[in-house]
Amino acid sequence: MQKVIESNLLNPYKKTLELYGTYGNDSIKKRVILGLSLSLLSRMNDINLLIEKNSLDSVQALMRIAFETQTYIIYLFKDSNKLSQRCDAYYYSSYQKFLYYLTHMQDLSLGSKDDLITKCINDHFFSLNDENNNLAWYLNHFRDSFRNSIPIKGNGKKNSLFYEHISEINALQKTYKIDHREWYNDDDKKGSFLALVKSLKLLTQYAALYTPTSDIVHSDNILNHFQLENSELIYSESFDPSMLVFFREGILKNIRRIRSILPDFQDEITQYFHDAQQAFISNHYN
């Protein structure tokens, strides 16, 4: 079993993403798919680097993050008819963390609230010089767009998708249940990451990659990492290389996913897929 994710498997994926980056116009769909895919590729490269440096606790933490990212990619592409809608939901849900930070400013030391608002507004692609230059417009726009990306009827006050348009005066005086709704919960059945995993039939992978790494991520059960050798207390780090199989298979499938949305580059991406497939087979059986 190979102890790293081989470069001859990662390189075709990198080339596929580079091709996608040069194709077509900018769009929310492109930003979400390319952003998650490049993030996954970066995590794979970082995992390899940490394995080489024998920083195996950090490897496990990154594998958990990578598993979440790969799960999101699988969900986005699960139904081609809902791909754009789900990309919209992911993109517009970004307002939730922004709102969380603003409403908890009194507990943080990040400068003035006005400075943070200015920074976040600029980061979200509109300027204070625009006519739509206030926090109320931002929250109204992103809540509307997020709600429109969730195909569930009804917006009554008892519904978790209920919200009201706000003015600048009361922009931060009230939050709604929709501000805490998971972006992938498009059927009122996926209220947690575990529920998403179950819906995608990834429980086996979850049990192998997500659950075992919780201790590392949350710094629990650290005492289990100590061993006594010749009266010397040794802190040991380890990971099972078989945990990387999920990501190797995921890279192959991700190349095919990108190919499905790039009709003008079928031949090029098919070649990249074949290169990655040969690398996967060669590395797996050697």
Side-chain angles (χ1 to χ4, degrees), residues 28-29 31-33 35-37 39-40 43 47 57 59-104 107 139 142-163 174-221 243 245-247 249-250 253-254 257:
I28 289 175
K29 175 181 171 182
R31 287 190 182 206
V32 171
I33 294 173
L36 285 171
S37 301
S39 176
L40 180 67
R43 298 293 184 267
I47 285 171
D57 280 1
V59 168
Q60 294 196 54
L62 272 183
M63 282 197 298
R64 180 180 169 122
I65 297 171
F67 175 75
E68 291 178 350
T69 305
Q70 179 64 21
T71 300
Y72 292 159
I73 292 173
I74 292 170
Y75 170 71
L76 289 176
F77 282 90
K78 185 68 174 178
D79 187 338
S80 59
N81 294 322
K82 297 179 180 179
L83 178 58
S84 294
Q85 177 180 285
R86 289 175 173 179
C87 287
D88 284 350
Y90 178 89
Y91 176 83
Y92 286 112
S93 69
S94 63
Y95 87 89
Q96 294 172 329
K97 285 189 173 62
F98 176 31
L99 179 60
Y100 175 84
Y101 293 143
L102 291 181
T103 54
H104 291 80
D107 301 322
L139 292 177
F142 269 68
R143 277 191 182 119
D144 284 344
S145 300
F146 182 53
R147 174 64 187 92
N148 291 336
S149 70
I150 301 174
I152 295 177
K153 295 181 180 179
N155 199 33
K157 287 194 175 183
K158 293 184 178 180
N159 190 296
S160 63
L161 294 168
F162 171 78
Y163 65 96
K174 186 175 182 180
T175 58
Y176 301 91
K177 289 183 179 179
I178 192 174
D179 300 329
H180 309 283
R181 188 185 182 93
E182 302 293 352
W183 67 271
Y184 45 76
N185 187 12
D186 60 357
D187 57 3
D188 277 338
K189 297 178 181 179
K190 298 188 289 291
S192 67
F193 182 69
L194 178 57
L196 173 64
V197 166
K198 289 180 178 179
S199 74
L200 297 174
K201 296 179 171 57
L202 293 174
L203 271 179
T204 299
Q205 295 86 340
Y206 179 90
L209 289 165
Y210 196 87
T211 304
T213 58
S214 293
D215 286 352
I216 298 298
V217 171
H218 299 295
S219 299
D220 294 331
N221 294 327
M243 298 172 79
V245 171
F246 171 75
F247 299 113
E249 294 176 347
K253 293 177 180 179
N254 287 349
R257 291 180 176 111

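Note that the structure is a prediction, hence the values are computed from the model and not measured.
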Checklist line | From CA spacing to verdict: side chain to side chain contact (heavy atoms under 4.5 Å, CB included), Ile33, Ile73 | finding: CA-CA 7 Å; Ile33 294 173; Ile73 292 173; over 6 Å; no
Checklist line | Closest approach of Cys87 to Leu76 (non-hydrogen atoms, all atoms of both residues) | finding: N-CD2, 3.9 Å
Next item on the list: Report the residues that fulfil side chain to side chain contact (heavy atoms under 4.5 Å, CB included) with Ser84, sequence neighbours left out, ordered by chain and then residue number.
Entry: Lys29
Item checked: Gap between atom CD1 of Ile74 and atom CG of Leu202 - 0.5 Å precision -> 5.0 Å
Notebook entry, point to check: Once you round to the nearest 0.5 Å, how far does CD of Gln205 lie from CG of Leu200?
Noted result: 10.0 Å
Notebook entry, point to check: Minimum heavy-atom separation for Phe142 to Ser94, with atom names?
Noted result: CE2-OG, 3.7 Å
Item checked: Minimum-distance pair of heavy atoms, taken over all atoms of Ser192 and Tyr184 -> C-OH, 3.3 Å
Note to self: Let me confirm one number: the OG-CD distance from Ser37 to Gln70, rounded to the nearest 0.5 Å.
What the structure shows: 8.5 Å
Next item on the list: Quick one: list whatever passes salt bridge (charged side-chain N to carboxylate O under 4.0 Å, His left out) with Asp187, sequence neighbours left out.
Entry: Lys190
Margin query: Just to verify, what does Tyr210 make a ring-ring contact (aromatic ring centres under 6.0 Å, His included) with, not counting sequence neighbours?
Written below: Phe193, Tyr206
Notebook entry, point to check: Can you find a pair of side-chain heavy atoms, one from Phe77 and one from Leu83, that are under 4.5 Å apart?
Noted result: yes
Item checked: Heavy-atom closest pair, residues Lys189 and Asn185 -> N-OD1, 3.1 Å
Next item on the list: Can you see which heavy atom on Ser149 is nearest to which on Gln85, and at what distance?
Entry: O-CG, 3.1 Å
Check: Minimum heavy-atom separation for Phe246 to Leu209, with atom names?
Finding: CD2-CD1, 3.4 Å
Note to self: Rounded at 0.5 Å granularity, tell me how far CG in Asp57 sits from CG in Leu62.
What the structure shows: 11.5 Å
Notebook entry, point to check: For Tyr92, which of Asn148, Ile28, Asp144 qualifies under side chain to side chain contact (heavy atoms under 4.5 Å, CB included)?
Noted result: Ile28
Notebook entry, point to check: Are Trp183 and Tyr91 close enough, and set up right, to give a side chain to side chain contact (heavy atoms under 4.5 Å, CB included), and what steps lead you there?
Noted result: CA-CA 9 Å; Trp183 67 271; Tyr91 176 83; over 6 Å; no
Margin query: Suppose the criterion is salt bridge (Lys or Arg N to Asp or Glu O under 4.0 Å): which pairs have a residue in residues 83-96, not counting sequence neighbours?
Written below: Arg86-Asp186
Next item on the list: Give the intermediate values and the outcome of side chain to side chain contact (heavy atoms under 4.5 Å, CB included) for residues Arg257 and Asn254.
Entry: CA-CA 5 Å; Arg257 291 180 176 111; Asn254 287 349; 2.6 Å; yes
Notebook entry, point to check: Can you list the residues that meet the ring-ring contact (aromatic ring centres under 6.0 Å, His included) rule with Tyr163, with sequence neighbours excluded?
Noted result: none
Margin query: Applying side chain to side chain contact (heavy atoms under 4.5 Å, CB included), can you list everything that pairs with Lys174, at least two apart in sequence or on another chain?
Written below: Glu164, Tyr176
Check: Who are the salt bridge (charged side-chain N to carboxylate O under 4.0 Å, His left out) partners of Arg181, not counting sequence neighbours?
Finding: Asp188
Margin query: Just to verify, what does Thr175 make a side chain to side chain contact (heavy atoms under 4.5 Å, CB included) with, not counting sequence neighbours?
Written below: Leu99, Thr103, Asp179, His180
Check: Are any side-chain N or O atoms of Ser39 and backbone N or O atoms of Gly35, one a donor and one an acceptor, separated by less than 3.5 Å?
Finding: no
Next item on the list: Indicate yes or no: at least one non-hydrogen side-chain atom of Val197 is less than 4.5 angstrom from one of Phe67.
Entry: yes
Check: Per the side chain to side chain contact (heavy atoms under 4.5 Å, CB included) rule, which among Arg43, Glu68, Met243 passes with Met63?
Finding: Met243
Margin query: For a 4.5 angstrom cut-off between non-hydrogen side-chain atoms, does Tyr72 reach Val32?
Written below: no
